[in-house]
Q: 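Sharing a structure, written as structure tokens. Questions coming.
This one's a predicted model, so the numbers in the text were calculated from it and none came from an experiment.
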Number of protein chains: 2
Amino acid sequence: MNTSAPQPTRSTALNRSSLSQQAVEELRRRIAGNDLAPGQRLDEAALAGDLGISRTPLREALKVLSAEGLVEIRPRRGCYVAEIVPADLEEIFPIMALLEGEVAREAALRVSAADLKRLDQLHASLERHAADGDVDRYYEVNYVFHDALQGIAGNRWLQHVIGDLRKLLKLSRHRSLRLEGRLEESLGEHRALMQALHQRDGDGAERIMKGHLLAQLAALQRLMRGLSA
Amino acid sequence: MNTSAPQPTRSTALNRSSLSQQAVEELRRRIAGNDLAPGQRLDEAALAGDLGISRTPLREALKVLSAEGLVEIRPRRGCYVAEIVPADLEEIFPIMALLEGEVAREAALRVSAADLKRLDQLHASLERHAADGDVDRYYEVNYVFHDALQGIAGNRWLQHVIGDLRKLLKLSRHRSLRLEGRLEESLGEHRALMQALHQRDGDGAERIMKGHLLAQLAALQRLMRGLSA
DNA sequence: ATACGGTATTTTGTATACAAGCTAGCCACA
DNA sequence: TGTGGCTAGCTTGTATACAAAATACCGTAT
């Protein structure tokens, strides 16, 4: 899949997967990166041309993205990038709180010494990026941390469901951590979580993680109120 | 989409949706009905011929089903009906317990008098089918009941996530209610739930619903142990 | 007899051609 | 001048043709 001229021999590095699969990944990137804005209509011919593929694999990719909720296919009308409105966030975050809370509980009960060491390292990295005010890296490491926790919890379907919802949340490009004081709050919640994990306190870890997610929602709501005011 | 001869004019009643959409629905039916057995390989050309459509819309349908987890597409190797093993059930049911528990909690807090009337009717229907030993209709009404509760709870994304997981559970053609005494147990749990709903007891409804789902899992496990022994 | 390799066939993945529906713009008429 | 319907084009949905990879089959050699 080229992003410039029509490919002469399709030589791009490693062509391991199918074009439709590559299209899914590229479109996910473009949607997450806001190159394709929420609500925007996707013209199949134009997009296929842009990706350097034909409409057939592109349409298969759009079906997948539609199933993920990233685009909405209106039959005979076209395909549109999904929009996540505040009302959606208010519904999704409580679900995430439940699910991630369960992850935290299970992780606290199953965590090994080696796991704790790795989590401590990630947490230290979070502290460092926070101190530097490097919000982007904080987000990155934060993601890795939550992912690691899911791995420890060990429920693959739970991981799957959380992953689906997280993809959706990426649609709303809100960076609540840029809110005054939220970064410190978040860090504090992470510290408390680490403590609960060290103590293998399942109830505590669940409670803290739920609170962490709901605090994120509250911060987002403050942010959105601020923008609309 | 015909299931017999090649269609002459494609005149079947109302052809509102696209062939790929119809194929999704038909394949879902066939998978749920075990016409397509778990693990079975799906030959695109043969299946397309059987559905009376070409491979293009069929492949789009398979992409959708793959995203739902009903089939697994192995690149360049073919498409297979997904298999749900006991280990999967042990992961999925606890998630369902969480989610449906939340539904029960929210529903208990928001339920209106009219809602309660309708739920009472559904519950009465459950009691009747149980008394008749009509397990199939019990399952049907039970589904409608849970669906109604989700409507009352009002979280559309929660509904969506639960729906996704339920589709998966259909893959394992579990009929735990056929287990000795499980039908009566289930009925008892439903009675307790109705009481909690009438009392608008969110905590109680959540606890009962969680227990209901986990009891289903336990029954399934007894059933599976029985089969393998 | 068995294992390895090469060829033929089958099957997936992609492109293109074709059909049908939707949109928009224009003209006629009130 | 505004409204209604018709036509032209543009876009989606489907079928088919083609390319490439995987599988199966067969023959040969050890």
Q: Between A:Arg55 and A:Ser20, just flag the one whose closest nucleotide in DNA chain C comes earlier from the 5' side.
A: A:Ser20
Q: Is any side-chain N or O of B:Arg41 closer than 4.0 Å to OP1 or OP2 of C:dT12?
A: yes
Q: Taking atom C1' of C:dT16 as reference, at what distance in whole Å does atom CG of A:Leu19 sit?
A: 15 Å
Q: Classify A:Arg77 by what it touches in the nucleic acid, base, sugar-phosphate, or nothing, heavy-atom distance under 4.0 Å.
A: sugar-phosphate
Q: Answer yes or no: is there a side-chain heavy-atom contact under 4.5 Å between B:Leu169 and B:Ile84?
A: no
Q: Which is it for A:Gln21 and A:Glu25 under the side chain to side chain donor-acceptor pair (under 3.5 Å) test, yes or no, and what are the steps along the way?
A: CA-CA 6 Å; A:Gln21 182 59 32; A:Glu25 287 160 19; 3.1 Å; yes
Q: Would you indicate which nucleotide in C:dT14, D:dA15, C:dG13 comes nearest to any side-chain atom of B:Arg76?
A: C:dG13
Q: Which part of the nucleic acid does A:Ile73 contact within heavy-atom distance under 4.0 Å: base, sugar-phosphate only, or nothing?
A: nothing
Q: Between A:Thr56 and A:Cys79, who's closer to the 5' end of DNA chain D by nearest nucleotide?
A: A:Cys79
Q: OP1 or OP2 of D:dG13 versus the side-chain N and O atoms of A:Arg59: is any pair under 4.0 Å?
A: yes
Q: A:Lys63 NZ to D:dT14 P: how many Å, rounded?
A: 8 Å
Q: Has the side chain of A:Ser18 got a donor or acceptor that lies under 3.5 Å from a partner of the other kind on the base of C:dT14?
A: no
Q: How many Å lie between CD1 on B:Ile53 and P on D:dT16, as a whole number?
A: 12 Å
Q: How many whole angstroms separate atom CD of A:Gln22 from atom P of C:dG13?
A: 13 Å
Q: Report the nucleotide, chosen from C:dG21, C:dG13, C:dT14, that has the shortest atom-to-atom distance to any side-chain atom of B:Glu44.
A: C:dG13
Q: Give a yes or no answer on whether the side chain of A:Asp115 reaches the backbone of A:Ser112 with a donor-acceptor pair at less than 3.5 Å.
A: yes
Q: Apply the test side chain to side chain contact (heavy atoms under 4.5 Å, CB included) to residues B:Gln150 and B:Glu100: give CA-CA distance (whole Å), side-chain angles for both, the deciding distance (0.1 Å), then the verdict.
A: CA-CA 8 Å; B:Gln150 286 174 36; B:Glu100 293 249 38; 4.1 Å; yes
Q: Can you measure A:Glu60 atom CD to C:dG13 atom C1' for me and round it to whole angstrom units?
A: 8 Å
Q: Base, sugar-phosphate alone, or nothing: which one does B:Leu58 contact when heavy atoms must sit under 4.0 Å apart?
A: nothing
Q: Using the rule side chain to side chain contact (heavy atoms under 4.5 Å, CB included), only one of A:Glu90, A:Glu91, A:Met96 pairs with B:Trp157; which is it?
A: A:Glu91
Q: Please give, in whole Å, the distance from D:dT11 P to A:Tyr80 OH?
A: 12 Å
